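The structure presented is a predicted model; accordingly, all values stated were derived computationally and were not measured. Heads up: numbering here begins at 1 and tracks the sequence.
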Amino acid sequence: MCGNPIVIIGAGPAGLMAAQHLAVLGYEVHVYEQNKAAARKFLVAGDGGFNLTHSEPIADFVNKYDAPLIKSMVRTFDNQSTVEWLSQIGIPTYVGSSGKVFPERQIKPIQVLQAWLAHLKSLKVSIFYQHRFVDFDEEYVYLYHKGEVISKKYEKLILGLGGASWKKTGSDASWLPIFEQKGIKVEPLQAANSGYDTSVDWSEIEGQVLKNIQISFHHEKKLGEIVFTKYGVEGSPLYYMNRFIRGQVFPIDLLIDLKPNMPIDAVVDKLSCGGKIGALLKDKLKLSKTAITLLRRLEKEIFTDPVMLSKFIKEYPIQVTGLRPIDEVISTAGGVSFEELDENLALYRFPKIYCIGEMLDWEAPTGGYLLQGCFSTGAWVAKGISRSNNVE
């Protein structure tokens, strides 16, 4: 449709989705990826399995995102669109008990990626590996390949360069200095969906899980499960809390409600029945061994007093001393400021260049929302390019 191809840098979920939508519209698309294979971070996405999106109603779904423009994108290419697309490439899905959407149980992550890449090949999308992004200008993108810097002329350039977490997958934010040199505002990258360092040594229960609990911090609450580690705690309700605690001065206390469906008065009643406290915790409150081990760390005067113990069952404090290092976390907050981008995600300073995916300044919790956000930004940019070309 045009003299030069549309060039996409980054074969992650956002870049591949943009490539797919543009190819369907008839554009020649070339994707350049720095790794030897596509979508390495995509293959390790989600928690509790290969979680591709979430099934909740879209009105609730979009509220998981902090950036208004991302919410609009997700409404346009939503969770149902993702399920339909997966079906089109031969990947049936099912909804898990938590509402998360997974490929059918016999389908491995690599099979999903292979099906997607085969579909892109059928659309004549060209993917070139071991090409590392080093710079761009108004006409060319510059890539390091086999010991030399090469230039590629583009009709449009789409950058899906990722955030700064999991460097082993190629998400290393090496693009940051390039953007800074060009005067493009980038909000500082910070750990998001991160585990926490704590002041307590959990080696006694390392690897053990607390299920059906609620984490709270001030007025924010989140149900789910957490796991104890050698350095602290991990888990989806903790990741959710990241955005509310990043600006705090550590240490801070998070509170665990071990019986979120039972009011404190009912807990007190069950612990006042008489008998050994350990047996009451197990038989009357149905607390897990991990929860009981946690409570046994309390002073004896508290553990043996039904009223005082009940308070700790409903509000067990975990002192957090900081977030995990940014390279370990699932995703990063911050990125290219929306102030630098028009509604189609084109840079004002470089109108033929677009930014997509995790390199943008948005965040969402785990559970399918991160991947969905990336899919949606890719689809959105493809439609924007089509609209702008039709106007031209």
Side-chain angles (χ1 to χ4, degrees), residues 6-15 18 31-35 40-41 66-70 73 130-145 148-154 156-194 242-243 246-247 323-364 370 373-374 377-378 380-381 384:
I6 293 179
V7 172
I8 299 174
I9 308 300
V31 181
Y32 292 88
E33 165 59 42
Q34 66 177 346
N35 291 316
R40 288 184 63 188
K41 195 171 182 181
D66 63 332
L69 189 53
I70 295 291
M73 295 176 195
Q130 294 181 277
H131 285 75
R132 181 166 56 82
F133 169 76
V134 293
D135 203 356
F136 66 85
D137 58 31
E138 291 86 350
E139 293 187 72
Y140 293 91
V141 60
Y142 301 92
L143 304 156
Y144 182 81
H145 178 64
E148 63 176 332
V149 175
I150 60 176
S151 61
K152 298 291 179 181
K153 195 168 186 178
Y154 59 84
K156 305 282 188 181
L157 175 62
I158 301 173
L159 301 176
L161 300 171
S165 62
W166 290 350
K167 288 182 182 178
K168 63 183 180 182
T169 67
S171 183
D172 59 8
S174 58
W175 54 269
L176 266 173
I178 300 166
F179 274 58
E180 289 170 353
Q181 289 168 9
K182 297 180 188 299
I184 299 169
K185 182 180 179 182
V186 179
E187 299 296 339
L189 296 179
Q190 304 176 69
N193 291 301
S194 165
N242 281 181
R243 69 179 73 175
R246 273 199 302 270
L323 300 177
R324 294 300 294 162
I326 198 167
D327 189 42
E328 292 183 15
V329 304
I330 295 171
S331 64
T332 46
V336 179
S337 172
F338 285 103
E339 297 174 13
E340 299 284 348
L341 303 161
D342 69 17
E343 63 176 7
N344 294 322
L345 297 182
L347 288 163
Y348 288 120
R349 295 168 187 260
F350 300 89
K352 295 199 299 181
I353 300 177
Y354 301 75
C355 298
I356 57 175
E358 198 182 342
M359 70 182 295
L360 299 171
D361 180 22
W362 63 278
E363 65 175 304
L370 291 167
C374 289
T377 63
W380 180 272
V381 160

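Applying the salt bridge (Lys or Arg N to Asp or Glu O under 4.0 Å) test to residues at least two apart or on different chains, the pairs with a partner in residues 323-333 are Asp197-Arg324, Arg324-Glu328. Listed by first then second residue, pairs satisfying salt bridge (Lys or Arg N to Asp or Glu O under 4.0 Å) with a partner in residues 168-179 number zero, not counting sequence neighbours.
Scored by the side chain to side chain contact (heavy atoms under 4.5 Å, CB included) test, Ala14 finds Ile356, Cys374, Thr377 as partners (sequence neighbours excluded). Applying the side chain to side chain contact (heavy atoms under 4.5 Å, CB included) test to Glu139 and every residue at least two apart in sequence or in another chain returns Asp137, Lys153. Glu339 pairs by the side chain to side chain contact (heavy atoms under 4.5 Å, CB included) definition with Lys185, Ser337, not counting sequence neighbours. Residues satisfying the ring pair (Phe, Tyr, Trp, His ring centres under 6.0 Å) test with Phe179, not counting sequence neighbours, are Phe136, Trp175. For Arg246, the side chain to side chain donor-acceptor pair (under 3.5 Å) partners two or more places apart in sequence, or in a different chain, are Glu363. Every residue meeting the side chain to side chain donor-acceptor pair (under 3.5 Å) condition with Thr332, not counting sequence neighbours, appears here in chain and number order: Glu358. By the side chain to side chain donor-acceptor pair (under 3.5 Å) test, Asp342 pairs with no residue at all, sequence neighbours left out. For Val134, the side chain to side chain contact (heavy atoms under 4.5 Å, CB included) test picks out Arg132, Tyr142, Tyr144, Val149, with sequence neighbours left out. Every ring pair (Phe, Tyr, Trp, His ring centres under 6.0 Å) that Tyr32 has, sequence neighbours left out, goes to Phe128, His131. Under the side chain to side chain donor-acceptor pair (under 3.5 Å) criterion, Ser331 pairs with Asn193, sequence neighbours left out.
Across every non-hydrogen atom of Ala192 and Ala333, the tightest pair is CB-N, 3.6 Å. Here the shortest heavy-atom pairing between Gly335 and Leu189 reads N-CD2, 3.5 Å. Shown here for Ala346 and Pro351, the closest heavy-atom pair between the two residues is CB-O, 3.6 Å. The heavy-atom pair separating Asn35 from Gly170 by the smallest distance is ND2-CA, 4.1 Å. Annotation for Leu323 and Ser194: closest pair CB-OG, 3.6 Å, computed over non-hydrogen atoms.
A salt bridge between Lys352 and Glu138 is absent, with no side-chain N of the basic residue lying under 4.0 Å from a carboxylate O of the acidic one.
Leu360 has its side chain within reach of Leu341: a pair of non-hydrogen atoms, C-beta onward, lies under 4.5 Å apart. Between Ile330 and Trp166, the closest side-chain pair of non-hydrogen atoms falls below 4.5 Å. Tyr154 has its side chain within reach of Ile353: a pair of non-hydrogen atoms, C-beta onward, lies under 4.5 Å apart.
Between the Glu187 side chain and the Asp361 main chain, no donor and acceptor come within less than 3.5 Å of each other. Distance alone, capped at 3.5 Å, is enough to place a donor-acceptor pair between the Arg349 side chain and the Gly183 backbone.
Atom CD in Gln34 sits 9.0 Å away from atom OG1 in Thr169 (nearest 0.5 Å). Once rounded to the nearest 0.5 Å, the distance linking CG of Leu143 with CD1 of Ile9 reads 4.5 Å. Here the CH2 atom belonging to Trp362 is positioned 12.0 Å from the CG atom belonging to Leu69, to the nearest 0.5 angstrom. Taken to the nearest 0.5 Å, the CG atom of Leu345 stands 9.5 Å off from the OH atom of Tyr354. For the atom pair CG (Leu161) and CE (Met359), the distance works out to 4.5 Å, reported to the nearest 0.5 Å. Note that CG of Leu159 is 9.5 Å distant from CD1 of Ile178, once rounded to the nearest 0.5 Å.
Lys182 NZ: more than 12 foreign heavy atoms inside a 6.0 Å radius.
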